[in-house]
Number of protein chains: 2
Amino acid sequence: MEKRNLSLSHEAMQRHASEAERFLKELANANRLMVLCHLVSGEKNVGDIAEAVGLSQSALSQHLARLKDAGLITSERRGLMIYYRLCSAEAQAVLAVLQLIFCREHS
Amino acid sequence: MEKRNLSLSHEAMQRHASEAERFLKELANANRLMVLCHLVSGEKNVGDIAEAVGLSQSALSQHLARLKDAGLITSERRGLMIYYRLCSAEAQAVLAVLQLIFCREHS
DNA sequence: TAAGTATTTTAGATATTGCTAAAATAGAAT
DNA sequence: ATTCTATTTTAGCAATATCTAAAATACTTA
């Protein structure tokens with residue numbers, strides 16, 4: 001009689017949950033959310049984002065490094081400035097749902 | 001000449017982003033995600049959830065209190081046990097997207 | 001090469017998270 | 001009333017998050 005591993009699906013669930021946690025932690029910050037929302041409309045450089053979001057360049061740079069490390073954005077230098085752009089379809093999908101929930105006119 | 005407040009939409013954005021942050025922080029934890037996923041299929045008592053998720057009752061209870069405080073779940077005592085159920089359409093919407101992203105068979 | 005602009009990195013302070021262990025509460029059963 | 005079972009609450013600790021200030025890096029221009 002072969003021993004079936006019934007807890008495998010539990011381990012799979014834990015693995016999925018951990019991946020989702022890592023992903024959600026990137027989004028679970030008001031400043032990073034605003035950064036990502038600004039990038040939805042196209043690439044922006046750090047100074048522009050800093051002004052739009054209202055963060056110091058240093059603080060913003062740390063957020064950007066985090067998002068880039070997580071694979072949600074990419075960067076490209078052109079001359080003095082560095083341009084960031086959204087590169088995660090998953091992030092865009094979740095942002096779209098969040099916008100429906102939290103950015104309705106009446107709320 | 002009337003002075004138009006152009007930063008109003010920025011303040012609105014900040015408000016929305018803060019609300020979204022509060023919401024996402026509740027989800028951005030593997031154990032809480034698993035709890036919520038278990039509740040998608042119907043109400044459960046604390047002991048059952050603790051076993052399913054693999055958490056101590058105390059730790060779980062703290063997570064449940066948090067989720068309840070955030071309005072994502074409700075509880076009802078029946079006899080000795082306390083039953084929890086999902087009560088947030090918003091949470092369900094995001095969980096559905098996360099499931100599509102992270103719980104595909106091949107990943 | 002020196003000076004300026006854009007951005008990143010580091011260090012450190014403070015707040016939040018999430019666990020464990022122990023004590024407290026609430027209802028049920030004896 | 002006492003005891004049992006289910007759950008919550010509290011206290012305390014280690015890890016993580018996020019800001020500021022200061023120093024470092026990278027490219028451009030004089």
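Lettering follows sequence order; numbering is per chain, from 1.
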### Message
Going by salt bridge (Lys or Arg N to Asp or Glu O under 4.0 Å), name the pairs with one or both residues in residues 80-101 of chain A, residues two or more places apart or in two chains.
### Response
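Of all non-adjacent pairs touching residues 80-101 of chain A, those that pass salt bridge (Lys or Arg N to Asp or Glu O under 4.0 Å) are A/Glu43-A/Arg85, A/Glu76-A/Arg85.
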Nearest-0.5 Å distance, [atom1] of residue [X] to [atom2] of residue [Y]:
X	Y	atom1	atom2	answer
B/Leu64	B/Leu36	CG	CG	9.0 Å
B/Cys37	B/Ile49	SG	CD1	12.0 Å
A/Gln92	A/Gln99	CD	CD	11.5 Å

Would you give me the side-chain donor-acceptor pairs under 3.5 Å for residues 67-74 of chain B, sequence neighbours excluded?
from, atom 1, to, atom 2, distance (Å)
B/Lys68, NZ, B/Ser75, OG, 2.8

### Query
For nucleotides 21-30 of chain C, read 5' to 3', which letter fits each nucleotide if B means a protein heavy atom sits under 4.0 Å from the base, S means only the sugar-phosphate is that close, and - means neither?
BB----BS--
Non-hydrogen atoms of [X] and [Y] that approach each other most closely:
X	Y	answer
A/Gly47	A/Gln57	CA-NE2, 3.6 Å
A/Val46	A/Leu60	O-CD2, 3.3 Å
A/Ser88	A/Ala91	OG-N, 2.9 Å

### Residue pairs, two or more places apart or on separate chains, that pass ring-ring contact (aromatic ring centres under 6.0 Å, His included) and touch residues 18-40 of chain B
A/Phe102-B/Phe23
### Message
I'd like to check the side-chain contact (heavy atoms from CB on, under 4.5 Å) partners of B/Asn31; sequence neighbours left out, ordered by chain and number.
### Response
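B/Asn29, B/Met34, B/Val53, B/Leu55, B/His63.
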#### Entry: Contacts of A/Arg22 that satisfy side-chain contact (heavy atoms from CB on, under 4.5 Å) - sequence neighbours left out
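Residues passing side-chain contact (heavy atoms from CB on, under 4.5 Å) with A/Arg22: A/Glu19.
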### Query
What nucleic acid atoms does A/Tyr84 come within less than 4.0 Å of, heavy atoms only: base, sugar-phosphate, or nothing?
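If one applies the 4.0 Å heavy-atom cut-off, A/Tyr84 turns out to touch the sugar-phosphate alone, with no base involved.
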Tell me, which of [range] have any heavy atom that sits under 4.0 Å from an atom in DNA chain C?
range	answer
residues 21-37 of chain A	A/Lys25
residues 63-76 of chain B	B/His63, B/Arg66
residues 41-57 of chain B	B/Leu55, B/Ser56

### Task
Quick one: list whatever passes side chain to side chain donor-acceptor pair (under 3.5 Å) with A/Lys44, sequence neighbours left out.
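With sequence neighbours excluded, A/Lys44 shows a side chain to side chain donor-acceptor pair (under 3.5 Å) to A/Ser41, given in chain and number order.
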### Task
Sequence neighbours left out, what passes side chain to side chain donor-acceptor pair (under 3.5 Å) with A/Arg66? Give chain and number order.
A/Glu26
### Query
If you group Ile, Leu, Val, Met, Phe, Trp and Tyr by side-chain heavy-atom gaps below 4.5 Å, do A/Val40 and B/Val97 land in one group?
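Looking at the clustering, B/Val97 is in the same group as A/Val40.
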### Message
I want to verify a distance call: between D/dT7, C/dT7, D/dT8, whose nearest atom is closest to the A/Ile82 side chain?
### Response
C/dT7
### Message
Would B/Gln62 and B/Ser58 count as a side chain to side chain donor-acceptor pair (under 3.5 Å) here? Give the steps.
### Response
CA-CA 6 Å; B/Gln62 290 172 64; B/Ser58 173; 3.3 Å; yes
### Message
Using five base pairs at each end to define the local axes, how bent is the helix from C/dT1-D/dA30 to C/dT30-D/dA1, to the nearest 10°?
### Response
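Computed from the C1' atoms at both ends, the axes differ by 0°.
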